[in-house]
Undergrad: 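Could you have a look at this structure, given as structure tokens, before my questions?
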Number of protein chains: 4
Amino acid sequence: MINQVTLVGRLTKDPELTYTALGRPFLQMTLAVNRPYRNQQGMTETDFIYCKVWNKSAENTSKYCQKGSLIGVLGTIQTRSYEDQEGKRIYATEVNVHTVRFLDKKRPNAESEEGELLPILNLP
Amino acid sequence: MINQVTLVGRLTKDPELTYTALGRPFLQMTLAVNRPYRNQQGMTETDFIYCKVWNKSAENTSKYCQKGSLIGVLGTIQTRSYEDQEGKRIYATEVNVHTVRFLDKKRPNAESEEGELLPILNLP
Amino acid sequence: MINQVTLVGRLTKDPELTYTALGRPFLQMTLAVNRPYRNQQGMTETDFIYCKVWNKSAENTSKYCQKGSLIGVLGTIQTRSYEDQEGKRIYATEVNVHTVRFLDKKRPNAESEEGELLPILNLP
Amino acid sequence: MINQVTLVGRLTKDPELTYTALGRPFLQMTLAVNRPYRNQQGMTETDFIYCKVWNKSAENTSKYCQKGSLIGVLGTIQTRSYEDQEGKRIYATEVNVHTVRFLDKKRPNAESEEGELLPILNLP
DNA sequence: TTTT
DNA sequence: TTTT
């Protein structure tokens with residue numbers, strides 16, 4: 001069994017770091033990935049792919065990325081189902097991210113101000 | 001922008017070939033992909049990943065595969081949204097498959113009966 | 001920067017586990033990966049891809065695989081250069097494997113005899 | 001059988017377009033892909049991965065890329081062997097590229113001068 | 001609910 | 001040096 005996803009796209013929003021009840025860092029984000037061709041109307045289309053990031057990767061992403069940042073993401077597709085408020089079964093698909101690569105050349109200002117050592121990932 | 005998915009898993013059902021209004025062969029299938037570790041309760045978990053296959057790949061898959069067949073799938077993640085009957089917006093994620101690899105050793109009977117040349121893909 | 005390889009192919013030989021000077025388990029293997037099309041002479045072609053596996057993955061591969069086993073491999077391409085006996089610079093490319101998936105249905109006999117718990121990876 | 005490679009890295013040289021005897025556009029290039037961690041000496045390491053690009057992709061790459069350009073590459077690993085001048089057998093590994101994605105934000109000057117429509121791939 |  |  002193999003389940004492997006590679007994406008390069010842009011963050012649709014500033015990432016917001018949260019923590020699980022047990023204190024595990026955790027981040028939900030949506031990647032906008034433009035399709036490499038135009039549709040019949042000559043328009044560019046985009047897939048908005050929902051991703052979950054955990055632990056150190058979540059912390060780094062929230063530190064070094066913002067709305068519009070270009071990132072690479074390695075992970076797996078995960079599916080789950082649950083019932084919504086009206087008792088209807090909903091099927092959800094998301095990418096469970098195990099690795100994030102920062103592909104923007106410019107480092108965010110916050111970093112240089114603090115003089116902090118960037119993770120090597122941030123140098124594409 | 002990169003959007004790349006690789007899966008190896010088993011078909012949850014016999015694939016059913018259909019055709020679009022314009023006569024394009026088309027196949028919807030769900031791949032069961034076991035996760036490679038056990039959860040906290042010691043249970044194996046499985047992702048059920050919804051896939052769409054088109055054209056010749058759809059025809060070959062419906063010919064040479066059945067419920068339980070082990071296949072490899074290359075494609076991209078696609079997202080779309082629509083309104084359900086109650087006017088609620090639903091977000092759907094699926095894998096748009098561009099290549100199928102048949103990984104079962106045994107060829108299906110249908111094929112040997114017809115004496116037809118198997119696509120090379122079928123020899124893993 | 002992204003460097004991601006996914007292969008499914010067959011072992012060209014029985015894998016041979018060795019250990020580094022520091023006692024780290026280590027395995028070199030070649031995967032035969034058939035190309036999915038015929039060349040101009042109507043022949044199937046095959047890529048023989050050199051791989052390195054480390055630690056627990058190396059031990060499991062040597063235990064559960066043999067010449068001809070179908071496996072999936074996730075890893076990265078690595079390059080290095082060195083001088084051969086005549087002082088000529090040689091450029092070598094190999095796949096550094098971080099994950100192995102066992103895709104043969106039958107488990108090797110050795111295992112059932114010993115009654116040992118198979119890694120979940122071995123159930124494709 | 002699956003053989004899938006995804007790389008994001010930088011061109012080590014200006015790409016040089018050539019043509020086969022039959023007039024097929026063709027490009028050899030080396031991608032520098034930094035490893036995402038430091039070695040024991042605290043140094044960044046880089047894999048220099050030899051790639052072959054064909055046809056339209058070769059033409060676009062030579063038009064829109066130059067030394068240092070950040071690109072994404074999808075392809076397969078191919079191996080071949082040949083004899084060198086001294087009759088020694090050499091084993092070569094390369095990436096056969098089927099898709100190139102241009103990930104630099106700035107479009108090369110050549111393009112705006114000619115006023116030509118950029119392939120959509122060039123808008124990351 | 002969407003990015004360049 | 002090659003697998004089914």
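In the text below, chain A, chain B and the rest are named by the order of the sequence lines, each starting its count at 1.
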Undergrad: Can you list the residues that meet the side-chain hydrogen bond (donor to acceptor under 3.5 Å, both in side chains) rule with D:Gln4, with sequence neighbours excluded?
TA: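 By the side-chain hydrogen bond (donor to acceptor under 3.5 Å, both in side chains) rule, D:Gln4 matches B:Thr6.
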Undergrad: Measure from the side-chain heavy atoms of A:Arg10 and tell me the nearest of F:dT3, F:dT2, E:dT3.
TA: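 Closest nucleotide among those given: E:dT3.
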Undergrad: Roughly, in whole Å, what's the span from CG in B:Asn3 to P in E:dT3?
TA: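 Rounded to the whole Å, the gap is 18 Å.
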Undergrad: Atom CE of C:Met43 to atom P of F:dT4: distance rounded to whole Å?
TA: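 Answer to the nearest Å: 17 Å.
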Undergrad: Listed by chain and number, what are the salt bridge (Lys or Arg N to Asp or Glu O under 4.0 Å) partners of C:Lys13, not counting sequence neighbours?
TA: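 Partners of C:Lys13 under the salt bridge (Lys or Arg N to Asp or Glu O under 4.0 Å) test: none.
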Undergrad: C:Lys56: what forms a salt bridge (Lys or Arg N to Asp or Glu O under 4.0 Å) with it, not counting sequence neighbours?
TA: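 Result, salt bridge (Lys or Arg N to Asp or Glu O under 4.0 Å) vs C:Lys56: C:Glu59.
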Undergrad: Tell me whether the side-chain N/O atoms of A:Lys67 come closer than 4.0 Å to OP1 or OP2 in E:dT3.
TA: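 Yes, within the criterion.
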Undergrad: How many whole angstroms separate atom CG of C:Asp47 from atom C1' of F:dT2?
TA: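 Rounding to the nearest Å, CG of C:Asp47 and C1' of F:dT2 are 12 Å apart.
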Undergrad: Tell me the interatomic distance from C:Leu11, atom CG, to F:dT4, atom C1', rounded to whole angstroms.
TA: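 Atom CG in C:Leu11 sits about 12 Å away from atom C1' in F:dT4.
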Undergrad: Return the set of residues passing side-chain hydrogen bond (donor to acceptor under 3.5 Å, both in side chains) with D:Lys88 (not counting sequence neighbours), or none when no residue passes.
TA: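 In terms of side-chain hydrogen bond (donor to acceptor under 3.5 Å, both in side chains), with neighbours along the sequence ignored, D:Lys88 is linked to C:Asp84.
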Undergrad: Base of F:dT3, side chain of C:Thr46 - is there a donor-acceptor contact under 3.5 Å?
TA: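 Indeed, a donor on one side and an acceptor on the other fall under 3.5 Å apart.
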Undergrad: What are the two closest non-hydrogen atoms of B:Ser62 and B:Pro15, and how far apart are they?
TA: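 Where B:Ser62 meets B:Pro15 most closely, the heavy atoms are CA-CG, 3.9 Å.
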Undergrad: Give the rounded distance in Å between these two atoms: CD of C:Gln66 and P of F:dT4.
TA: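 From C:Gln66 CD to F:dT4 P: 10 Å.
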Undergrad: What residues, two or more places apart in sequence or in another chain, satisfy ring-ring contact (aromatic ring centres under 6.0 Å, His included) together with A:Phe26?
TA: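 Partners of A:Phe26 by the ring-ring contact (aromatic ring centres under 6.0 Å, His included) criterion, ordered by chain and then number, come out as A:Trp54.
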Undergrad: Let me know the distance between NZ of C:Lys13 and P of F:dT4, rounded to the nearest Å.
TA: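 Checked: the NZ to P distance equals 14 Å.
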Undergrad: Nearest to the side chain of C:Asn34 - E:dT3, F:dT4, F:dT2?
TA: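 Of the candidates, F:dT4 comes closest.
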Undergrad: Using atom CG of A:Leu7 as one end and atom P of E:dT4 as the other, report the distance to the nearest whole Å.
TA: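 Nearest whole value for this atom pair: 18 Å.
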Undergrad: Take atom CD of A:Glu16 as the centre, draw a 6.0 Å sphere, and report whether it contains more than 12 heavy atoms from other residues, nucleotides or ligands.
TA: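 Atom CD in A:Glu16 is not crowded, with 12 or fewer foreign heavy atoms closer than 6.0 Å.
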Undergrad: Which residues in residues 76-93 of chain C have at least one heavy atom lying under 4.0 Å from any atom of DNA chain F?
TA: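 Of all residues in residues 76-93 of chain C, none places a heavy atom under 4.0 Å from DNA chain F.
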Undergrad: Take the protein atom CE of B:Met1 and the nucleotide atom P of E:dT4, then report the distance between them rounded to whole Å.
TA: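 The answer, rounded to whole Å, is 9 Å.
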